[in-house]
Amino acid sequence: MGSARSQHTADAYLTPWSERSASSPFLVTGAALLTAGCTGLGVIDSETPMVFLAVSMLCVGMGVGMTLQNFVLAVQSTVPLKDIGAASSTVTFFRSLGGTIGVAVLGAVLARRVEDGTASGLASAGLSGADSDSPALREIIRVAYGDATAHVFLLAAASALLAVIAAVLLEPVNLRSSLDLPEKADEAVASAPDPDQGTRSSA
């Protein structure tokens, strides 16, 4: 919830400040915040204070909000107006595709790490899975999930670092400020007869 609120705030209030150029510092700053937030979440464990979690999630939300729409604006400003729909849908498609692959891969990593952590904790404590009411078993599972979640966010931080590199290498793109009418339409308008010409000739 906190990450989603910070994302909405950054998207609504900071994106309009980058109207002149889609390669504004907000892209680099947002990608850096996203990387820092994922890195912070990558060092959590079962005893991490909630304040640290809140700050890390705030960084993730702000980073996503500052980069998501600005990258879309950069794409929309580099294509002709007639192709802007196709460009926007392409961005949405690859974003959805990347999200699907990321959730599948990171979900598999999370499940594997939880399984290994739980098995290791049970072996160290001399317990079995049948002791479901044991407080020690609940603590082992809690620690396993905490460590596995941190590992997943470390992988996400490595991926977010690519966004920082992409934002730094992005060439300056001026946002669209006018309509690029096709040349044929301009020629048709220029060659159209003046409706007042016949009236002036008859007079």
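Hydrogens, waters and symmetry mates are skipped; everything else that's a heavy atom, side chains included, is used.
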Heavy-atom side-chain contact between R113 and L110 under 4.5 Å: no
Sequence neighbours excluded - side-chain hydrogen bond (donor to acceptor under 3.5 Å, both in side chains) pairs with any residue from residues 47-57: D45-T48
Step-by-step side chain to side chain contact (heavy atoms under 4.5 Å, CB included) determination, L68 to R95: CA-CA 10 Å; L68 200 63; R95 182 188 299 166; 3.7 Å; yes
Going by atom type alone, with no hydrogens or angles, which donor-acceptor pairs under 3.5 Å involve a side-chain atom of residues 146-158 and a protein atom two or more places apart or on another chain?
residue: T149; atom: OG1; partner: Y145; partner atom: O; Å: 2.7

Student check: side-chain heavy atoms of P80 and D83 closer than 4.5 Å: yes
Side chain to side chain, M66 and L27, heavy atoms closer than 4.5 Å: no
Pairwise side-chain contact, M62 with L34, heavy-atom cut-off 4.5 Å (strictly under): no
Single-linkage hydrophobic cluster, 4.5 Å side-chain cutoff, V51 and L41 together: no
For A136, side-chain contact (heavy atoms from CB on, under 4.5 Å) partners two or more places apart: L127, S134
Any side-chain heavy-atom pair of I165 and L169 under 4.5 Å: yes
pair V75-S88: side-chain heavy atoms closer than 4.5 Å: no
Distance-minimising heavy-atom pair for V60 and C38: CG2-N, 3.7 Å
4.5 Å side-chain heavy-atom contact, I44 and F52: yes
Same cluster (ILVMFWY, side-chain, under 4.5 Å), L162 and V164: no
V114 with I141, same ILVMFWY side-chain cluster at under 4.5 Å: yes
Side-chain donor/acceptor of T35 to backbone N/O of A160, under 3.5 Å: yes
Flag if over 12 foreign heavy atoms under 6.0 Å of CZ, R112: no
G117 versus I140, closest heavy-atom pair with distance: O-CG2, 4.4 Å
S89 side, atom OG; F94 side, atom CZ - distance, nearest 0.5 Å: 10.0 Å
Over all atoms of both residues, closest heavy-atom pair of A144 and T118: CB-OG1, 3.6 Å
S120 side chain to D116 backbone, donor-acceptor under 3.5 Å: no
Separation of F71 CZ from L170 CG (nearest 0.5 Å): 6.5 Å
